[in-house]
A.B. asks: 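Below you will find the structure I want to go over with you.
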Protein chains: 2
Amino acid sequence: MRLVIAKCSVDYAGRLSAHLPLATRLLMLKADGSLLVHSDGGSYKPLNWMSPPCTIAMSEPSDEQREFGITELWTVTQGKTADLLIVSIHEVLHDSAHELGIDPGLQKDGVEAHLQKLLAEQIELLGEGHRLVRREYMTAIGPVDILATDAAGRSVAVELKRRGDIDGVEQLTRYLELMNRDPRLAPVQGVFAAQEIKPQARTLAEDRGIRCLVLDYDAMRGIDNADERLF
Amino acid sequence: MRLVIAKCSVDYAGRLSAHLPLATRLLMLKADGSLLVHSDGGSYKPLNWMSPPCTIAMSEPSDEQREFGITELWTVTQGKTADLLIVSIHEVLHDSAHELGIDPGLQKDGVEAHLQKLLAEQIELLGEGHRLVRREYMTAIGPVDILATDAAGRSVAVELKRRGDIDGVEQLTRYLELMNRDPRLAPVQGVFAAQEIKPQARTLAEDRGIRCLVLDYDAMRGIDNADERLF
DNA sequence: ATGTCAATGTCGCGA
DNA sequence: TCGCGACGTTGACAT
C-alpha cells in the first residue's frame, strides 16, 4: 500500500461526472491497483475512488498542464466499464509505501447480535439462578459474548453462534484459558450456545468441560415479543 | 489526519459483533475523531470503522494484555449508539500526521451524465454536420463535457447542465480560454446546453459569443428509447 | 457466473 | 430533525 498526501484535483467520468477542486487529500493506492481519495472528515466513504480491477498510469503533465501547477498526472482506468479517474497532482507532501500482506478478513454475525440481546434478557435459559454480568465482556483477545454468574455466583462465559461449529468451541476455549488466569473471575464455566450445534463441535466442547446449549431462536423471539406487548 | 501502519487486531461491538484477527493494516484517524481500518485490497469500504461523532482513547495495556504482545490499546466509543471499537496494537510500523484542512467537497451530477450520453448520441442537435470527437475531453482544469466538430470541421466545446446558471457559463468560459490556446483545437466555439437556461446566464453567454442550446430531455430520451426498440 | 437482498450501509433531498 | 429514496452502492448468500 502506498500512501500519498498531496494537493490535487480529481476528475471522474463514468456512471456520473464528478469533480474535486484543488485541495490537500490522502491518496491511498492499494496492492490490487485500486485508488481511494480521502478527505479529513466525513464517513468511511472516500470522496472518490476506483474499484479493482483497474490500472493506474502515472505520467508527466503537458507544458500547458505544468503551467497550471500540475506536477504529476495519475490516470486510473477500469477495463470493464471504461470508467476513468484522473488525479492532477500539484504538490506531494508525503509519500510512503508499506507491505501489508493479505488480510485474514472480517468475522461478523448479524443474527448473533440479536441472539445475544435475547439471551441477555432471558439469562435464566442458562439455568436457574443465573444472572447477567455483561454482554461483550472485553478480554485481551477479543470480547466474550456474554459473561454471567450461576446460582452459586461462579462465572459463566457464553460463546454464541448461529451455527455451532468447531471454530466457535476453539474460540471459547481460548477465552476460558485467558479468563481462568484472572483471579477475580476464576473458575469460569464455559457455555457454547447456538441455534444448531454440529455433533463434532458438541463432542469437542463436552470433552473440554464446556456445556452445550441449543437455543430456540423463534421461541426466544416470541417471549421477547410477548414482553414488548406487555410493556 | 494521522496515518498508522500497525500489526493489530480489532474488535467491534455494536449493531453486530465483528472481529479482525492479528494482521498488518492501515489505521486512518480523521480530524473529526473517526477511525478507519483498511487492508491492502477489497473495495473502498474499510474492514472496520467508527463513524463520527466518536472519541478515541489511547491507553496502556494491562500486564496480561502486554503478555499477549499488545503494546497499545485504542478504544473508540460513540456517544449516541454506545458502539464500541477496540484496536489492540502489537507493533507500529509507521506513524505520521498531516494537516489537510476542510475539503471543498464533491461536485457531481446524475442527470447531467444521462444528458451527456444522449447528446453524444444525438450530436446533430448541435447543428447539421456536427460530429462527436469525444465525451469528457480532459483539460488541465477538468473535463469538458463534450468536444465536437461543426460542419466546417471547427472545434465545438459543449458545457452541459440540467439548469443553466451563470456558474456554468463561467466554467465553459474558463475551458474555452484554455482550449483556444491549444493550436490543435483553436478556434473553439462554445455551446452552453441545458434543459433550462436562466435569462442572466443566456445574456452572459451570448455576450461572450457562446451559443445557447435548450435541450428537451424527454424528447431526447424518447428518441433514445425508439432506437433501443429498433435495435 | 448470475440474481437477489441486507447493510454498523452512506448520502442527499424535502417536509 | 426526521423520513424517504438513490447509490459509481458494497457484500453475502442462493441458484
Side-chain angles (χ1 to χ4, degrees), chain A residues 10-20 28 30 32-39 41-54 76-87 103-117 135-136 142-143 145 162-163 165, chain B residues 10-20 28 30 32-39 41-56 75-87 103-117 135-136 143 162-163:
Chain A
V10 182
D11 290 286
Y12 168 78
R15 187 77 67 91
L16 57 72
S17 307
H19 174 70
L20 282 169
M28 191 192 309
K30 294 195 174 190
D32 56 11
S34 58
L35 173 75
L36 314 189
V37 182
H38 265 280
S39 67
S43 66
Y44 66 69
K45 199 176 178 183
L47 292 166
N48 220 325
W49 72 94
M50 189 65 88
S51 307
C54 63
V76 193
T77 49
Q78 226 216 14
K80 188 103 182 178
T81 57
D83 284 18
L84 179 68
L85 185 75
I86 294 184
V87 182
D103 201 282
L106 189 68
Q107 301 161 11
K108 70 172 170 178
D109 198 315
V111 178
E112 184 185 323
H114 195 199
L115 266 178
Q116 188 188 106
K117 181 170 173 290
R135 293 164 56 187
E136 302 289 354
D145 292 329
R162 201 154 57 91
R163 270 170 275 176
D165 223 324
Chain B
V10 181
D11 290 285
Y12 169 78
R15 187 78 67 91
L16 56 70
S17 306
H19 175 69
L20 282 170
M28 191 193 308
K30 293 196 173 189
D32 55 11
S34 59
L35 172 74
L36 313 189
V37 182
H38 265 281
S39 67
S43 66
Y44 66 69
K45 200 176 175 183
L47 292 166
N48 217 324
W49 72 96
M50 188 67 87
S51 306
C54 62
T55 50
I56 302 188
T75 308
V76 193
T77 49
Q78 226 216 12
K80 190 104 180 175
T81 58
D83 284 19
L84 178 68
L85 185 74
I86 294 183
V87 183
D103 201 281
L106 189 67
Q107 301 162 9
K108 68 174 171 179
D109 197 317
V111 178
E112 183 185 322
H114 196 199
L115 265 178
Q116 186 188 107
K117 182 171 173 291
R135 293 164 55 187
E136 302 289 354
R162 199 154 60 90
R163 269 170 273 176

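The structure displayed is predicted, hence computed values, not measured ones. The sequence lines fix the lettering, A, B, ..., with proteins before strands; numbering per chain opens at 1.
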A.B. asks: Taking only the side-chain nitrogens and oxygens of Ser43(A), find out if one of them lies under 4.0 Å from OP1 or OP2 of dC11(C).
C.D. replies: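 Ser43(A) to dC11(C) OP1/OP2: side-chain N or O found under 4.0 Å.
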A.B. asks: Dot-bracket for DNA chain C, 5' to 3', counting Watson-Crick or G-U wobble pairs under 3.5 Å, with [ ] for crossing pairs and | for inter-strand pairs?
C.D. replies: |||||||.|||||||
A.B. asks: Classify the nucleic acid contact of Tyr44(B) as base, sugar-phosphate or nothing, counting any heavy atom under 4.0 Å across all strands shown.
C.D. replies: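 Sugar-phosphate contact only.
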A.B. asks: Locate the shortest heavy-atom distance separating Ser34(A) from Cys54(A); write the atom from each residue and the value.
C.D. replies: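 So the two residues come closest at CA-SG, 3.7 Å.
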A.B. asks: Report yes if some heavy atom in the side chain of Leu20(A) is under 4.5 Å from a heavy atom in the side chain of Asp103(B); otherwise report no.
C.D. replies: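 Side chain of Leu20(A) against side chain of Asp103(B), heavy atoms only: contact under 4.5 Å found.
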A.B. asks: Within the structure, does a side-chain N or O atom of Trp49(A) lie under 4.0 Å from either OP1 or OP2 of dT9(D)?
C.D. replies: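 Answer is no, no contact under 4.0 Å.
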A.B. asks: Tell me what Ser51(B) touches on the nucleic acid: a base, only sugar-phosphate, or nothing, going by heavy atoms under 4.0 Å.
C.D. replies: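 Sugar-phosphate, backbone atoms only, no base.
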A.B. asks: Please report the closest heavy-atom contact between Tyr12(B) and Met50(B), naming both atoms and the distance.
C.D. replies: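 Looking at all heavy atoms of both residues, the shortest contact is CE1-CE, 4.4 Å.
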A.B. asks: Does Met50(A) reach a base, just sugar-phosphate, or nothing at all? Heavy atoms under 4.0 Å.
C.D. replies: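 Counting heavy atoms under 4.0 Å across all strands, the contact made by Met50(A) includes a base.
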A.B. asks: Both Lys45(B) and Leu106(B) contact DNA chain C. Which one's nearest nucleotide lies toward the 5' end?
C.D. replies: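 Closest to the 5' end, via its nearest nucleotide, is Lys45(B).
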A.B. asks: Of all residues at least two apart in sequence or in a different chain, which pass the salt bridge (Lys or Arg N to Asp or Glu O under 4.0 Å) check with Asp83(A)?
C.D. replies: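 Partners of Asp83(A) by the salt bridge (Lys or Arg N to Asp or Glu O under 4.0 Å) criterion come out as none, since no residue qualifies.
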A.B. asks: Got Leu47(B) and Val10(B) here, is their nearest side-chain heavy-atom distance under 4.5 Å?
C.D. replies: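 Heavy-atom side-chain distance check fails, nothing below 4.5 Å.
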